[in-house]
There are 2 protein chains.
Amino acid sequence: MLIQSKATEPTGAAHDRVYRALRARIMHGEIDPGQALTLRGIGKEFGVSMTPAREAGRRLVAEGALFLSSSGRVSTPELSNERIEELAALRALLEPELAARALPRAHMALIERLEEINNRVSGMIARQDASGYIRLNLEFHRTLYLRAQAPAMLAMAETIWLQLGPTMSKLYGRLRRTEPPRNHKLILAALKAGDEGSLKLAVRSDATQGLRMLKV
Amino acid sequence: MLIQSKATEPTGAAHDRVYRALRARIMHGEIDPGQALTLRGIGKEFGVSMTPAREAGRRLVAEGALFLSSSGRVSTPELSNERIEELAALRALLEPELAARALPRAHMALIERLEEINNRVSGMIARQDASGYIRLNLEFHRTLYLRAQAPAMLAMAETIWLQLGPTMSKLYGRLRRTEPPRNHKLILAALKAGDEGSLKLAVRSDATQGLRMLKV
DNA sequence: TTGGTAATTTTGTGATCACAAAACACCCAT
DNA sequence: ATGGGTGTTTTGTGATCACAAAATTACCAA
């Protein structure tokens, strides 16, 4: 007689799958700020019990991707102006450094990949796909920073993106953009020229520009 | 008839108490790098079941304070040279900014508190108390950075301290120091003079100096 | 209609269990 | 002694449950 149905996943723990899915959703701005989540709801959606749902939630809370209310409920954070400025300052601090470290290793193949990503942004703009726009934008940055060979620094940058995710979607929903970010072009130019100074400047501008419009 | 003994904690969830205790222990270098922990062991020590122990562990893994092996076991991380240098670079990036932001708000009362903390370091050195030394050192920095009014930035700095904790204790156990860090005196002097440039420089030196000796 | 209170439902927490896999210990054959 | 294989123990995982507290709804009186 079967007492307990065996539901252990063979590869990659269940909580990890849930974690990754939620993380991507948050980072790409697919959840509005202040949106509440329930453990049972998460579990139901992913076909797991509350336990893995709780672990995934806790992990995201630890990364600042979710806000934990005093009663234990989790929701997407609603960032204050001060918090947004602080996170933008962190981007402005970390990302130029990552870019500078990537510069000596950025060969033509990488630059071409970046240009290709950058071109795909136009499609997202045409389709008014805010989430897709954010995803490609982050892919552009991550692709460059991966070359920096600085995993801890990159992880920290991603944590900041994660915290900004829900708020970001609001921004891109608001502004009606018609062309890919100007700063990306500057970044590509600096990479081609091998000019560290203007690269750091362009990255810094790119990291802070959009956030300025986020002020409520 | 009592089916299940009620053991819910009235204030502050159990997992949070476990998390805080472990976090402090790790950050202060009370656990050697590579030390393995078991969920049942943690639970037993704190008088809770595996569930809160697991949550606390997961949270610490998310912060980089613990390493999660492929089999799910957690242990204190053993940092490679590259990782140490990267974390030191992050300190060198973040902490001068925090200090600079604290500077305009650093009045005499704060500077006196910092001097008092700095003086207590000598006692720890005399007693060869590595953990106490680390704790006071971090208290010095945190006390200053709290004035920066930048919680996200401070949290990020603390995360780095946390990751360096176990490795740090090894360092301070190795070197036989006889006096409080020279850079702390420079920091205090720069604060009194209101000189942002030399303050950032002194903080940067303090953040990177010790780590240089950590190379295996 | 409105305000508040009671009943009900929703939700997170921590304990416990069955299970699988990993780690470990033991033992014998070479 | 040593290597390999076998059995035992340790350990993490996810499901489930009872419970408390929070949130929501229902309802009634003014």
Side-chain angles (χ1 to χ4, degrees), chain A residues 1-23 26 31 34-78, chain B residues 1-23 26 31 34-78:
Chain A
M1 172 186 165
L2 193 65
I3 307 262
Q4 182 173 334
S5 83
K6 182 191 153 295
T8 311
E9 310 211 351
T11 162
H15 80 261
D16 204 59
R17 177 169 54 89
V18 177
Y19 163 76
R20 265 192 255 274
L22 287 178
R23 182 175 194 268
I26 294 169
I31 309 185
Q35 180 72 241
L37 301 177
T38 69
L39 299 187
R40 285 175 175 89
I42 295 169
K44 197 171 204 173
E45 175 176 352
F46 291 95
V48 298
S49 79
M50 294 174 63
T51 313
R54 232 195 314 181
E55 289 191 60
R58 285 270 178 244
R59 204 166 152 189
L60 290 165
V61 167
E63 294 181 277
L66 289 178
F67 165 75
L68 184 69
S69 87
S70 63
S71 67
R73 283 159 168 79
V74 294
S75 57
T76 258
E78 302 183 89
Chain B
M1 173 185 163
L2 193 66
I3 307 261
Q4 182 174 332
S5 82
K6 182 190 152 298
T8 312
E9 310 210 348
T11 162
H15 80 260
D16 203 61
R17 176 169 54 88
V18 176
Y19 163 76
R20 264 192 256 273
L22 287 178
R23 183 177 194 266
I26 294 169
I31 309 184
Q35 180 72 240
L37 301 176
T38 68
L39 299 188
R40 285 175 174 87
I42 295 170
K44 197 170 203 173
E45 174 176 353
F46 291 95
V48 297
S49 80
M50 294 174 64
T51 313
R54 234 199 307 182
E55 289 191 59
R58 285 272 177 238
R59 204 166 153 188
L60 289 164
V61 167
E63 294 182 280
L66 289 177
F67 166 75
L68 185 68
S69 89
S70 63
S71 67
R73 285 159 167 77
V74 295
S75 57
T76 259
E78 303 184 88

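From a predicted model like this one, the values you see are computed outputs, not experimental measurements. Just so we're on the same page: letters track the sequence lines, and every chain starts at 1.
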Would you kindly give the [atom1]-to-[atom2] distance between [X] and [N], to the nearest whole Å?
X       : N      : atom1 : atom2 : answer
B:Tyr19 : C:dT13 : OH    : P     : 15 Å
B:Phe46 : C:dA15 : CZ    : C1'   : 18 Å
A:Ile42 : D:dG14 : CD1   : P     : 15 Å

By side-chain contact (heavy atoms from CB on, under 4.5 Å) - contacts of [X] (at least two apart):
X       : value
A:Ile31 : A:Arg25, A:Ile26, A:Gln35, A:Thr76
A:Thr38 : none
B:Arg73 : B:Ser69, B:Ser71

*Looking at B:Gly64 and B:Pro77, what are the two nearest heavy atoms and their distance?*
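Looks like O-CG, 4.2 Å.
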_Shortest non-hydrogen contact between A:Leu66 and A:Gly57, atoms and distance_ = CD1-O, 4.2 Å
*Check whether any side-chain nitrogen or oxygen of A:His15 sits under 4.0 Å from OP1 or OP2 of D:dT13, and answer yes or no.*
no
_Set of residues satisfying salt bridge (Lys or Arg N to Asp or Glu O under 4.0 Å) with respect to B:Glu78, sequence neighbours excluded_ =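 Result, salt bridge (Lys or Arg N to Asp or Glu O under 4.0 Å) vs B:Glu78: none returned.
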*Would A:Asp16 and A:Arg23 count as a salt bridge (Lys or Arg N to Asp or Glu O under 4.0 Å) if you check the C-alpha gap in whole Å, the side-chain angles of each, and the deciding distance to 0.1 Å?*
CA-CA 10 Å; A:Asp16 204 59; A:Arg23 182 175 194 268; over 6 Å; no
*Please tell me which of the listed nucleotides, C:dG14, D:dA15, D:dT13, lies nearest to the side chain of A:Thr51?*
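So the nucleotide nearest the side chain must be D:dA15.
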*Stems involving DNA chain D, each a run of at least 3 consecutive Watson-Crick or G-U pairs under 3.5 Å*: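 Stems found: C:1-30 with D:1-30.
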*Which of these, A:Glu63, A:Glu55, A:Arg58, sits in a side-chain hydrogen bond (donor to acceptor under 3.5 Å, both in side chains) with A:Tyr19?*
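With A:Tyr19 as partner, A:Glu63, A:Glu55, A:Arg58 yield a single side-chain hydrogen bond (donor to acceptor under 3.5 Å, both in side chains), made by A:Glu63.
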Tabulate atom names and distances for all N/O pairs under 3.5 angstrom spanning the protein and nucleotides 9-12 of chain D.
from: D:dT11; atom 1: O4'; to: B:Arg73; atom 2: NH2; distance (Å): 3.3
from: D:dG12; atom 1: OP1; to: B:Leu39; atom 2: N; distance (Å): 3.2
from: D:dG12; atom 1: OP2; to: B:Leu39; atom 2: N; distance (Å): 2.9
from: D:dG12; atom 1: N7; to: B:Arg40; atom 2: NH1; distance (Å): 2.8
from: D:dG12; atom 1: O6; to: B:Arg40; atom 2: NH2; distance (Å): 3.3

